[in-house]
Amino acid sequence: MHVPDGFINAPVSLATGLVAVAGLAVCLRGAQRELDDKTAPLAGLVAAFIFAVQMLNFPVAVGTSGHLMGGALAAVLVGPYTGVLCVSVVLLVQALFFADGGLTALGTNIVLMALVTAVVGYTITVLAQAVLPNVRGSLVPAAALGALVSVPAAALVFVLLFALGGNADIPLGEVVAGMTGVHVLIGIGEATITGLTVGSILAVRPDLVYAARRYRQDLAIHHAPAR
Amino acid sequence: MSSPPSLVVEGLAFAYPDGHQALYGVDLTVGRGERVAVLGPNGAGKTTLVLHLNGILTGGRGRVEVAGLPVAKTNLAEIRRRVGIVFQDPDDQLFMPTVREDVAFGPANLGLRGPELADRIEEALALVGMAGYADRPPHHLSYGQRRRVAVATVLAMRPEILVLDEPSSNLDPASRRELADILLALPVTILMVTHDLPYALQLCPRAVILDDGVIVRDAPTYDLLCDDATMAAHRLELPFGFDPRTVARPTG
Amino acid sequence: MSGGHTHQLYVEHETLVHRLPPQCKLIAVLTFVIAVVSTPRSAVWPYAVYAGALAAVAVLARIPAPLILRRMVVEVPFVVFALLLPVISRGPRVDVLGVSMSESGLAAAGILLAKGTLGVVASILLAATTRPRDLLLGLQHLRMPQLLVQIMTFMFRYVEVVLAEMGRMRVARESRGFRARNLGQLRVLAHSAGALFIRCFERGERVHLAMLSRGYSGRLPTLDGAQARSTDWAVAACLPAAAVLASAAAWFAVGR
Ligand SMILES: Nc1ncnc2c1ncn2[C@@H]1O[C@H](COP(=O)(O)OP(=O)(O)OP(=O)(O)O)[C@@H](O)[C@H]1O
Ligand SMILES: [Mg+2]
């Protein structure tokens, strides 16, 4: 669920807004290294893809449903900095055009769904890659693990923000329990989609997967075959 | 013969990021105002070669020069002004909401504005016979009309070299002939990739065969099409009932 | 960049609201929402002013009410949460229709719903009167960093491709007896997600190559130099001005 207008009070919204702006500034600089004129459309596609896949809700437990957050997937596909930018663009479009997530809550949503998921997801993925065998296939479980952890991580940060500036008086303990429980389940869905998507892209176009660059071999250019 | 040739390709070799090597050392020189057909079977590397001509693909071995200017990162803008590529699928080429904006895209990127830009658009659309369609959305046009607009988007940039990737595919016979008329009337160097051998014969006095990533033949189109052994060796087949010997030998 | 799904949000008309430069509308909506969320807790009447102002814009822009209501479904998950609030909140309780509810929770739910709904309607109106491409130009005018503009440009174009491909693939899947019902079948969906990604990329990759070939360097040429005049800004300011005045008046009343 995207945080709507008026859900988190003004001071906390302002603070998350500042964190989001600072985070985006860092990512804009970092993305220069990840992108060139040929990969810029890839970032747009990742954004469009997350946007489209977020429209597919999958059922979790009774009565609740979750959708892909996409931060971990984006970070694995285009790199952490560009990944944050992609998800942020999705959130901006959703807020402006689809009334999904409030404009004044945009900072909060960027912090939760772009910064936290991409940073946590990518960090866990890289750590897992370091432990797993140094073959391309290792990226699939690594990315899935990153995605799995990224969702409850975002949920915990949400609870923290809610405790600081929630516009309602709900018992915190229950919120924590409820949120983490549901979000571990959502995380499994996120991990499934992320792992399988990364796996099938890896099989066909490994050159499109940022986190797979470490497995790339140097290519030799040969000359005309004997004929 | 003081000005350099329109196009010089030397020892061009290239492998795609997935390791698949598509070009193995292509050599090709095209003089100013020449019209050359590039023939060859599917997967021979024709499109890969085309994408090197304006620096979209780089990083392999060899050298590409356009009118004396090497294709390199520092002069990409100038190269892309000089080389106009019409892609195989017009839907890949047309992406703006109206025909006018689409034709304007290239010249606007070159920095043209205002009346000068409007003139370019008019001129290019008139050349391809689509003057009345400026305000239509491209995706509402027929396939042949879209192909013509795609040609106009490139002509609007006044390229010195026009590169066309399979321009006659999916055109009905009338559109195919009209496009030929347009191309024949243009005073530019033309490199045309095609599987349509009669079309190559009609438009291009010279043809080369690209197979397995190298140029294997370079000859007058008429001679090439009459050389049955070469044709068969490179999976080139004339359409049923077409015999180049019955066509008046072109004088170009 | 146009057409497809995002386009359907746009309602074709030639009104004052549609003609306003996009950057003016963006700033107006943003200021409006900020004014709304900063309404003091105890005030109720300003919400009538906000709603009235939005209704006036809808009438001016000739956006029919049923269309706005239909698009408000995005709010549903959030409404569910708001309805739960009074039940799970702490504090003194009252009985409503036999259910024990927290008073503070009820008030919070009411305010939450009001603020959320106003924000939702404001962006529905923005989307109904502004084409995606104009939005992009507006953001470019407002100095949104180039890289973000570029990502959004490609996103708009790809969204259509992705949704079209998604539709085609669903038809292919379901005609072979597949239905998305439970988590186990996520696997199938995710598999086609990968295929979808590559198919879309390869389509868009070619478009991008064609753009590069025509001198594209990351910046969309603004053809009809949509410079906003001061009258445009003045017209656009009406909506947020009403909201800011109402909100400020409410704070003034609280202060006394
Ligand atoms: N993006 C890519 N990544 C990897 N390999 C590629 C890519 N594009 C093309 N190839 C391969 O490079 C070779 C040459 O492809 P190219 O598209 O240049 O052929 P072509 O001569 O244009 O064929 P056609 O007549 O079918 O258009 C083919 O074997 C193809 O599979
Ligand atoms: Mg080809």
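The chains referred to below are lettered A, B, ... by the order of the sequence lines, with proteins before strands, and numbering in each begins at 1. Note that the structure is predicted; figures quoted are calculated from it, not measured.
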Does any backbone or side-chain atom of A/Ala25 lie under 4.5 Å from a heavy atom of chain C? Answer side chain, backbone, both or neither.
neither
Looking only at heavy atoms, what is the nearest atom pair of A/Tyr81 and A/Ala31, with distance?
CB-N, 3.6 Å
Under 4.5 Å to a heavy atom of chain C? For A/Leu77 that would be side chain
In chain order, what residues pass the side chain to side chain donor-acceptor pair (under 3.5 Å) check against A/Thr108, with sequence neighbours excluded?
A/Thr16
Would you mind checking which part of A/Leu92 comes under 4.5 Å of any heavy atom in chain C, side chain (CB onward), backbone (N, CA, C, O), both or neither?
side chain
Test ring-ring contact (aromatic ring centres under 6.0 Å, His included) on C/Phe154 and C/His208 and set out the steps.
CA-CA 9 Å; C/Phe154 282 109; C/His208 182 61; 5.1 Å; yes
Under 3.5 Å side-chain donor-acceptor pair for A/Tyr122 and A/Ser150
no
If we define contacts as heavy-atom pairs under 4.5 Å, which of A/Leu96, A/Val90, A/Val204 has the most with chain C?
A/Leu96
For A/Cys27, run the side chain to side chain contact (heavy atoms under 4.5 Å, CB included) check against A/Val84, A/Val119, A/Thr82 and tell me which one passes.
A/Val84
Quick one: what part of C/Leu125 sits under 4.5 Å from any heavy atom of chain A, side chain, backbone, both or neither?
neither
At a 4.5 Å cut-off on heavy atoms, which part of C/Ile198 comes close to chain A: side chain, backbone, both, or neither?
side chain
May I ask you to check whether C/Tyr10 and C/His18 place their ring centers less than 6.0 Å from one another?
yes
Between chain C and each of A/Val89, A/Leu85, A/Leu106, A/Leu45, count heavy-atom pairs under 4.5 Å; write down the option with the most.
A/Leu45
Heavy-atom distances under 4.5 Å only: say whether C/Leu135 touches chain A with side chain, backbone, both or neither.
side chain
